[in-house]
Amino acid sequence: MIFATLLLLAPVAIHASPLANAATACLSSASVPQIQSTDSSWSRTIKPFNLRLPYTPIAVAYPTTVPQVQAAVLCGAQLNLTVTPKSGGHSYASHGLGGEDGHLVIDMRQFKEVTVDKTTQIATVGVGARLGNVAQSLYSQGQRAFSHGTCPGVGVGGHVVGGGYGYSSRTKGLASDALVEAEIVLANGTFTTASATNNPELFWALRGAGSSFGVITRMKFQTFAAPTNNIVFSYGLNVNAQSMKNAFAVLQDYANSTAMPAEMNMRVFINRGSVSLMGVFYGTQSAFQTAISPVLSKIGNPGGQVQQKGWIDALTGYAYMSLSTPLDYDVHETFFSKSLMTERLDDTAMTAFWNYWYNTARANSRDWYLIVDLHGGQSSAITKLGQDYSSYAHRKALIKYEFYDRVNSGSYPSNGLSFLNGWVDTITNSMKSTQFGMYINYADPTLSTTQAQNSYWLGNYAKLANIKKEVDPANLFSNPQAVGRVQV
Ligand SMILES: Cc1cc2nc3c(=O)[nH]c(=O)nc-3n(C[C@H](O)[C@H](O)[C@H](O)COP(=O)(O)OP(=O)(O)OC[C@H]3O[C@@H](n4cnc5c(N)ncnc54)[C@H](O)[C@@H]3O)c2cc1C
Ligand SMILES: *[C@@H]1O[C@H](CO)[C@@H](O)[C@H](O)[C@H]1NC(C)=O
Ligand SMILES: *[C@@H]1O[C@H](CO)[C@@H](O)[C@H](O)[C@H]1NC(C)=O
Ligand SMILES: *[C@@H]1O[C@H](CO)[C@@H](O)[C@H](O)[C@H]1NC(C)=O
């Protein structure tokens, strides 16, 4: 804490290293706008979404044009710095700041236009645009949409390069599945595009591991007509460990059966006080009843709420806040999070998992939650695209888990990590021969470099490492969990 205080009182002394001065001078002489440690907006600029993980960049470029991004990348290369693009700054591991001190951060916030081509219905989106603003803008330009996550403040850049999962992903695929082209500045300063026809291997890499390959400036997405019938549902599960395990077994079977249509998007949301089954179905009320009834009848027909909403209303409901996000959006939490992507859990794993919830998690008074998404299965658009579609490695995962443990004031306890680690261990220790996947958009900074590379990218890692050697042999774009980073 003493160190933090010094940082606040003496930013000039801390940042006036010869290398920092050289970075600032290089950016200035190339006319790249920057935010400097002496500027009043500096501390807010480098304030991470996850306050548990603050890092200090050596310099922050704040470009508005592609040539400025190119110049910033070349400054980084010239000075042998590590360069990190930041879009919405929502990385759970503060990877938008580099995940460690000393990076040249390229803050892409000002690349935020959203335009829809009326003929092709392809949207061009600046990487700094936030998901809520993107959704509103697409809707206002002809009621268009693409599939993406629920939090309106998340930046499209970081979201899409990790995959991008949300309440229409089972129906329409991941956000990155809708990507048809990325405009990108490479490590040698070249500005180019990646698509199915231009730089196809790079395009494959960008959709799942894109934070290690360059600075994407704009993305083009194939949009769809926003659904008009959005059936939003929530059922309360009033349960014990045994009944929850049974319900989970039902959901696991359902996720991989044709009884669960692609139009059904569903999750179990658990916190200290409640367990609910919630989601969105795209279609009529009666089609919804047909689709949900096999689940409800097997879990004791719980009471719930079913509403029909419009697209924007449904998104707003799940955002739990306004979709409109200002440029200087300033929301933060203090937390530790982990993820797991699983195929079929066996009986031992399910028992251990739900016992941990019942006995350990419910006794933890911090503001934790767990989201269990029915991600894959036979009818899921994510699974259907097939294992080779992009570097996103989890197409076969039936279920996606996001474990999130936060404090609402003060600092996160130093012994806190064991709570979620222990919960994940209930599965991994029960099924020791399985290599479980993890989702980089819920980056877990406690994983070693090698663990992270193996669990984020599974069997795709070797191919990613080869592409990395081609386009960024000097590891200009890197962080402690990036493709190509060598474990120390
Ligand atoms: C409240 C909240 C809710 C969330 N909900 C969801 C959800 O529903 N579904 C889901 O899938 N995820 C969700 N996430 C996770 C989110 O998708 C990731 O944290 C994502 O990486 C954030 O992107 P960003 O641009 O905001 O972050 P940043 O921290 O700016 O970037 C994240 C990573 O992407 C890289 N990157 C950023 N911009 C670029 C670029 N232009 N070119 C290349 N690399 C780039 C960064 O270097 C960094 O490694 C949520 C996160 C939060 C905090
Ligand atoms: C650049 O930095 C890396 C590690 O940070 C070091 O191994 C390498 O020798 C440096 N190269 C130059 C030209 O300074
Ligand atoms: C899902 O069903 C398909 C088709 O029956 C099968 O091949 C696959 O192994 C199943 N996946 C899981 C995780 O059970
Ligand atoms: C920059 O790197 C890319 C990817 O490796 C390569 O195709 C291109 O030829 C390089 N450009 C220059 C000018 O060296």
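Numbering of ligands and ligand atoms starts at 1, following listing order. Predicted, not measured: the structure shown is a model, and the values here were computed from it.
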In the protein, what heavy atom is nearest to [atom], and what distance, to one decimal place, separates them?
| atom | answer |
| --- | --- |
| atom 13 (C) of ligand 4 | Thr190 OG1, 4.0 Å |
| atom 14 (N) of ligand 1 | Tyr442 CE2, 3.8 Å |
| atom 38 (N) of ligand 1 | Ser87 OG, 2.7 Å |
| atom 35 (C) of ligand 1 | Ser211 CB, 3.4 Å |
| atom 8 (O) of ligand 1 | Thr150 N, 3.2 Å |
| atom 5 (O) of ligand 4 | Glu470 O, 3.3 Å |
| atom 3 (C) of ligand 1 | Cys151 CB, 3.0 Å |
| atom 6 (C) of ligand 4 | Asn188 ND2, 4.1 Å |
| atom 42 (N) of ligand 1 | Ile216 N, 3.1 Å |
| atom 50 (C) of ligand 1 | Val154 CG2, 3.7 Å |
| atom 3 (C) of ligand 3 | Asn256 ND2, 3.7 Å |
| atom 9 (N) of ligand 1 | Tyr165 O, 2.6 Å |

Self-check item: Listed partners of Ser257 passing side chain to side chain donor-acceptor pair (under 3.5 Å), at least two apart
Solution: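 For Ser257 there are no side chain to side chain donor-acceptor pair (under 3.5 Å) partners, ignoring immediate neighbours.
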Checking the N or O distance criterion of under 3.5 Å, is ligand 1 in contact with [X]?
| X | answer |
| --- | --- |
| Val215 | no |
| Tyr439 | yes |
| Gly155 | yes |
| Tyr92 | no |
| Gly89 | yes |
| Gly88 | yes |
| Gly158 | yes |
| Lys86 | no |
| Gly157 | no |

Decide whether [X] and [Y] meet the rule of one side-chain donor and one side-chain acceptor closer than 3.5 Å.
| X | Y | value |
| --- | --- | --- |
| Arg144 | Thr223 | yes |
| Asp39 | Ser41 | no |
| Ser478 | Arg485 | yes |

Quiz item: Phe221 vs Phe146 aromatic rings, parallel, tilted or perpendicular, using cut-offs 30° and 60°?
Solution: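 Rings of Phe221 and Phe146: parallel, under 30°.
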Quiz prompt | Heavy-atom nearest option to atom 29 (O) of ligand 1, drawn from Ser91, Pro85, Ala319 | solution =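 Among Ser91, Pro85, Ala319, the closest heavy atom to atom 29 (O) of ligand 1 belongs to Ser91.
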Heavy-atom side-chain proximity of [X] to [Y] below 4.5 angstrom:
| X | Y | answer |
| --- | --- | --- |
| Met108 | Thr217 | yes |
| Phe248 | Val372 | yes |
| Met438 | Ser339 | yes |
| Val127 | Met219 | yes |
| Val486 | Thr449 | no |

Quiz item: Which one holds for Gln378 and ligand 3: side chain close, backbone close, both close, or neither close, with close meaning a heavy atom under 4.0 Å?
Solution: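 Side chain only.
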Per-atom contacts, ligand 1 versus [X] - under 4.0 Å to a heavy atom:
| X | result |
| --- | --- |
| Thr84 | 47 (O) |
| Gly149 | 7 (C), 8 (O), 9 (N) |
| His159 | 9 (N), 10 (C), 11 (O), 12 (N), 17 (O), 20 (C), 21 (O), 22 (C), 23 (O) |
| Phe49 | 1 (C), 53 (C) |
| Gly214 | 42 (N), 43 (C) |
| Gly210 | 43 (C), 44 (N) |
| Val127 | 41 (N) |
| His90 | 19 (O), 22 (C), 24 (P), 26 (O), 27 (O), 28 (P), 29 (O), 52 (C), 53 (C) |

Quiz prompt | Within reach of ligand 1, part of Asn441 (heavy-atom separation under 4.0 Å) | solution =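 For Asn441, the contact with ligand 1 is made by both the backbone and the side chain.
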May I ask you to check if [X] and [Y] form a cation-pi contact, with NZ or CZ under 6.0 angstrom from the six-membered ring centre and within 45° of the axis?
| X | Y | value |
| --- | --- | --- |
| Arg366 | Tyr412 | yes |
| Arg267 | Tyr167 | yes |
| Lys338 | Trp423 | no |

Practice problem: With Pro152 as reference, evaluate Thr325, Asn133, Thr316, Leu131 under the side chain to side chain contact (heavy atoms under 4.5 Å, CB included) test and give the passing residue. | Solution: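 Output: one option passes, namely Thr325.
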Quiz item: So is there a nitrogen or oxygen of Glu343 less than 3.5 Å from a nitrogen or oxygen in ligand 3?
Solution: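 It does not: no N or O of Glu343 is found under 3.5 Å from an N or O of ligand 3.
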Looking at ligand 1, does [X] have a heavy atom less than 4.0 Å from it?
| X | answer |
| --- | --- |
| Gly164 | yes |
| Phe111 | no |
| Ser94 | no |
| Gly163 | no |

Self-check item: Gln387, CD atom: more than 12 neighbouring heavy atoms under 6.0 Å
Solution: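 Count over threshold, so yes.
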Quiz item: Got more than 12 heavy atoms from elsewhere within 6.0 Å of NZ, Lys396?
Solution: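 Not buried by this count: 12 neighbours or fewer within 6.0 Å.
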Quiz prompt | Stepwise side-chain hydrogen bond (donor to acceptor under 3.5 Å, both in side chains) test for Ser391 and Asn460 | solution = CA-CA 6 Å; Ser391 60; Asn460 289 340; 5.8 Å; no
Looking at [Y], is its backbone amide N or carbonyl O close enough to the side chain of [X] to form a donor-acceptor pair, meaning the two atoms are under 3.5 Å apart?
| X | Y | result |
| --- | --- | --- |
| Gln481 | Asp444 | yes |
| Asn256 | Gln378 | yes |
| Thr64 | Tyr62 | no |

Quiz item: Can you tell which of Phe49, Tyr404, Phe336 makes a ring-ring contact (aromatic ring centres under 6.0 Å, His included) with Tyr92?
Solution: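 Exactly one candidate clears the test, Tyr404.
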Exercise. Kindly state if atom 9 (O) of ligand 4 has a protein heavy atom within a strict 4.0 Å cut-off, that is, under 4.0 Å?
Key: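 Looking at atom 9 (O) of ligand 4, one finds that no protein heavy atom lies closer than 4.0 Å.
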Quiz prompt | Leu398: numbered ligand 3 atoms lying under 4.0 Å from its heavy atoms | solution =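 Matching atoms, with element in brackets: 13 (C).
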